[in-house]
Amino acid sequence: MPELPEVEVVRRGLAAHVVGRRISAATLTGARVARRHDAGPFDLADRLVDGQVLAADRRGKYLWLVVQTPAEDPQALVIHLGMSGQLLVEAADAPREKHLHATVDFADDGPQLRFVDQRTFGGLALTELIPDPYAEGHHSHGSHHSHGVPVPVRHIAPDPLEPAYDQPALVRLLKGRHTAIKRALLDQGKVSGVGNIYADEALWRARVHPLRETSALTKPALGRVLDHAAEVMREALGQGGTSFDSLYVNVNGASGYFDRSLHAYGREGEPCDRCGTPIRREAFMNRSSHYCPRCQPRPRGPRAR
DNA sequence: CGTTCCTCCTGCTAGC
DNA sequence: TGCTAGCAGGAGGAAC
């Protein structure tokens, strides 16, 4: 369940069902699930044993458990869901899912944590925690990642729902770049958490075409796009996230229902909720953009594609 | 250096 | 009915 609201729903599930428990065993099936863990799947599983889960944390679409292992400083079990990853809290004797790649058992004999991933773009890694490079900004309230951030999250920018997010600085950055606004929204090193659904929804709400150049938008217009991105993700979180099918579920297997509130994404050919013009879908960055051709006029000039 | 493109997977669906 | 092309919520790393 891949964008910020869906990942946050999962994080909350982990906070409720996994934090505070002691790991008794972990099993990783196949090498691919741990391909980002340099020392391999057996090392990862071994080092989790007897670890105490201190926290469930998130930045953008990256999720991690802070684990106090016996022999080391706290480590981060980094979990990225990719396109189709799920974390499920289930009884150990529940039927095994077809694409089950990892299980974590706990010393209390309560339910186990499972990582299920159809397309295997997601995965697990156990890494060091480092100080948050975005903490202690000149006027921010600092990081709410009190344990720091995992090494693989070093290059990920703060997301719009965390205190370290600095929108004025981001607006200045975008104003100086020659790139399409949608490409910038999807760049997790600039602002994290936004994926294809919420990028299209934010641009529809802001009435900005996905191909508009960031440098050609005014600073207030850039601010509006970012405000809408934050707002639409906040609203989606309030609805439990967006799910069109059972692939995108919380740790209890339940779907969110923000799909009912979408105005652009997945609505090709349907009338725009503002003006009635059919929503258009076109290829962009090996995926799709959905927009209203009337409310979100295509940029003109040499850079328009 | 910043920016753009390709690729890693499985499964479902629309269209022939 | 059966086949297959196309598409799906992501992102690292190569290539320019």
Side-chain angles (χ1 to χ4, degrees), chain A residues 1-10 29-38 58-63 78-87 97-101 115-125 127 150-157 159 173-203 210-211 213-215 229 232-233 236-237 239-250 255-259 261-262 264-269 281-290 303 305:
Chain A
M1 17 191 344
E3 301 181 47
L4 183 152
E6 295 77 32
V7 179
E8 174 61 13
V9 166
V10 172
T29 310
R32 192 170 158 77
V33 66
R35 68 193 180 286
R36 305 272 177 219
H37 185 80
D38 294 336
R58 181 188 61 73
R59 167 163 281 170
K61 304 171 197 171
Y62 274 85
L63 189 61
V78 181
I79 303 158
H80 200 291
L81 301 176
M83 291 281 267
S84 55
Q86 303 176 333
L87 286 172
E97 290 78 7
K98 181 173 182 186
H99 299 289
L100 177 61
H101 295 114
F115 180 71
V116 176
D117 189 6
Q118 177 188 105
R119 294 178 70 183
T120 69
F121 290 167
L124 311 182
T127 77
V151 172
V153 180
R154 190 166 27 190
H155 67 293
I156 300 297
D159 64 64
L173 175 77
L174 295 180
K175 188 65 188 170
R177 291 291 196 284
H178 297 279
T179 192
I181 181 65
K182 179 161 174 183
R183 193 184 290 281
L185 286 174
L186 295 178
D187 182 346
Q188 307 295 303
K190 291 187 172 67
V191 52
S192 67
V194 184
N196 211 34
I197 292 179
Y198 301 113
D200 282 0
E201 292 303 305
L203 291 167
L211 293 180
E213 285 265 333
T214 54
S215 60
V232 71
M233 292 197 293
L237 178 55
Q239 309 285 303
T242 300
S243 28
F244 304 111
D245 56 48
S246 59
L247 215 49
Y248 304 96
V249 295
N250 65 20
S255 292
Y257 44 97
F258 191 71
D259 60 305
S261 306
L262 298 177
Y265 186 87
R267 298 200 58 222
E268 181 185 17
R281 176 172 72 87
E282 62 185 54
F284 177 73
M285 288 174 74
N286 283 345
R287 52 209 329 155
S288 295
S289 284
H290 310 75
R303 285 200 155 267
R305 275 170 289 178

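The sequence lines fix the lettering, A, B, ..., with proteins before strands; numbering per chain opens at 1. Remember, it's a predicted structure, so these values are computed and weren't measured experimentally.
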*Could you check A:L81 against A:I79 for side-chain contact (heavy atoms from CB on, under 4.5 Å), going step by step and ending with a plain yes or no?*
CA-CA 6 Å; A:L81 301 176; A:I79 303 158; 4.1 Å; yes

Could you write out each protein N or O paired with an N or O of nucleotides 13-16 of chain C at a distance under 3.5 Å?
none

*asked:* One character per nucleotide, please: for nucleotides 11-16 of chain B, 5' to 3', B when the base has a protein heavy atom closer than 4.0 Å, S when only the sugar-phosphate does, - otherwise.
replied: S-----

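- Spacing of P atoms, C:dA11 relative to B:dG11, comes out at 22 Å, to the nearest Å.
- Rounded to an integer number of Å, the gap from A:K182 NZ to C:dA11 P is 14 Å.
- The nucleotide whose nearest atom lies closest to any side-chain atom of A:R119 is, among B:dG2, B:dT10, C:dG10, B:dT10.
- One distance of note links OG of A:S84 with CG of A:L247; it measures 5.5 Å at 0.5 Å rounding.
- The A:R32 side chain lies nearest to B:dC9 when the options are C:dG12, B:dC9, B:dT7.
- Residue A:S288 holds its OG atom at 4.0 Å from CZ of A:R281, rounded to the nearest 0.5 Å.
- Comparing A:R177 and A:T120 by the nucleotide of DNA chain B that holds the closest heavy atom to each, the one mapping nearer the 5' end is A:R177.
- With sequence neighbours excluded, the residues forming a side-chain contact (heavy atoms from CB on, under 4.5 Å) with A:E8 are A:R11, A:R12, A:R58, A:L237, listed by chain and number.
- One interatomic measurement links the two molecules: CE of A:M285 to C1' of C:dG10, which rounds to 10 Å at whole-angstrom precision.
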*Verify side-chain contact (heavy atoms from CB on, under 4.5 Å) between A:F115 and A:L87, making sure each step is shown before the conclusion.*
CA-CA 5 Å; A:F115 180 71; A:L87 286 172; 3.8 Å; yes

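- If you take CD1 of A:I197 and P of C:dA8, they are 11 Å apart, rounded to a whole angstrom.
- The shortest distance between side-chain heavy atoms of A:L203 and A:L185 falls below 4.5 Å.
- By the criterion of a centre-to-centre distance under 5.5 Å and near-parallel planes under 30°, the ring of A:F121 forms no stack with the base of B:dC9.
- Evaluation of the salt bridge (Lys or Arg N to Asp or Glu O under 4.0 Å) rule for A:D187 yields A:K190 as partners, not counting sequence neighbours.
- Taking side-chain N and O atoms only, A:S243 has no distance below 4.0 Å to OP1 or OP2 of C:dG9.
- Looking at heavy-atom distances under 4.0 Å, A:D117 makes no contact with the nucleic acid at all.
- Put simply, OG on A:S246 and CD on A:Q86 are 7.0 Å apart, with the number rounded to the nearest 0.5 Å.
- Residue A:H80 has no polar side-chain atom (N or O) positioned under 4.0 Å from OP1 or OP2 of C:dG10.
- Between A:H178 atom NE2 and B:dG2 atom C1' there is a gap of 12 Å when expressed in whole angstrom units.
- A:F244 places its CZ atom 10 Å from the C1' atom of C:dA8, with the value rounded to the nearest Å.
- Contact annotation: A:T179 side-chain N/O to B:dT4 OP1/OP2 distance is under 4.0 Å.
- Here the separation of C:dG6 from B:dC6, taken at their P atoms, is 16 Å to the nearest Å.
- Across the protein-nucleic acid pair, A:L186 atom CG and B:dT3 atom P stand 14 Å apart, rounded to whole Å.
- One atom, CG of A:L262, and another, C1' of C:dG9, lie 11 Å apart when rounded to the nearest Å.
- Across A:G193 and A:M233, no two heavy atoms sit closer than the pair O-SD, 3.7 Å.
- Within the 4.0 Å cut-off from OP1 or OP2 of B:dC5, at least one side-chain nitrogen or oxygen of A:R183 is found.
- What separates CG of A:L81 from P of C:dG12 is a distance of 14 Å, to the nearest Å.
- The side chain of A:K61 places no N or O atom within less than 4.0 Å of a non-bridging phosphate oxygen (OP1 or OP2) of C:dG9.
- Helical stems in DNA chain B, defined as runs of 3 or more consecutive Watson-Crick or G-U wobble pairs with donor-acceptor distances under 3.5 Å: B:2-8 with C:10-16, B:10-16 with C:2-8.
- For the pair A:D159/A:Y62, no side-chain contact is recorded, criterion being any heavy-atom separation below 4.5 Å from C-beta on.
- Here the side chains of A:N196 and A:E201 are not in contact, with every heavy-atom distance at 4.5 Å or above.
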*Could you walk me through whether A:V33 and A:D117 pass the side-chain contact (heavy atoms from CB on, under 4.5 Å) test, one step at a time?*
CA-CA 9 Å; A:V33 66; A:D117 189 6; over 6 Å; no

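- If you check every strand for non-hydrogen atoms under 4.0 Å, A:H101 touches nothing.
- A sub-4.0 Å separation between OP1 or OP2 of C:dG9 and a side-chain N or O of A:Y198 is absent.
- Nucleic acid contact for A:D187: none, since no nucleic acid atom lies under 4.0 Å from a heavy atom of the residue.
- Considering only residues two or more places apart in sequence or on other chains, A:Y257 meets the side-chain contact (heavy atoms from CB on, under 4.5 Å) condition with A:Q239, A:D259, A:R260.
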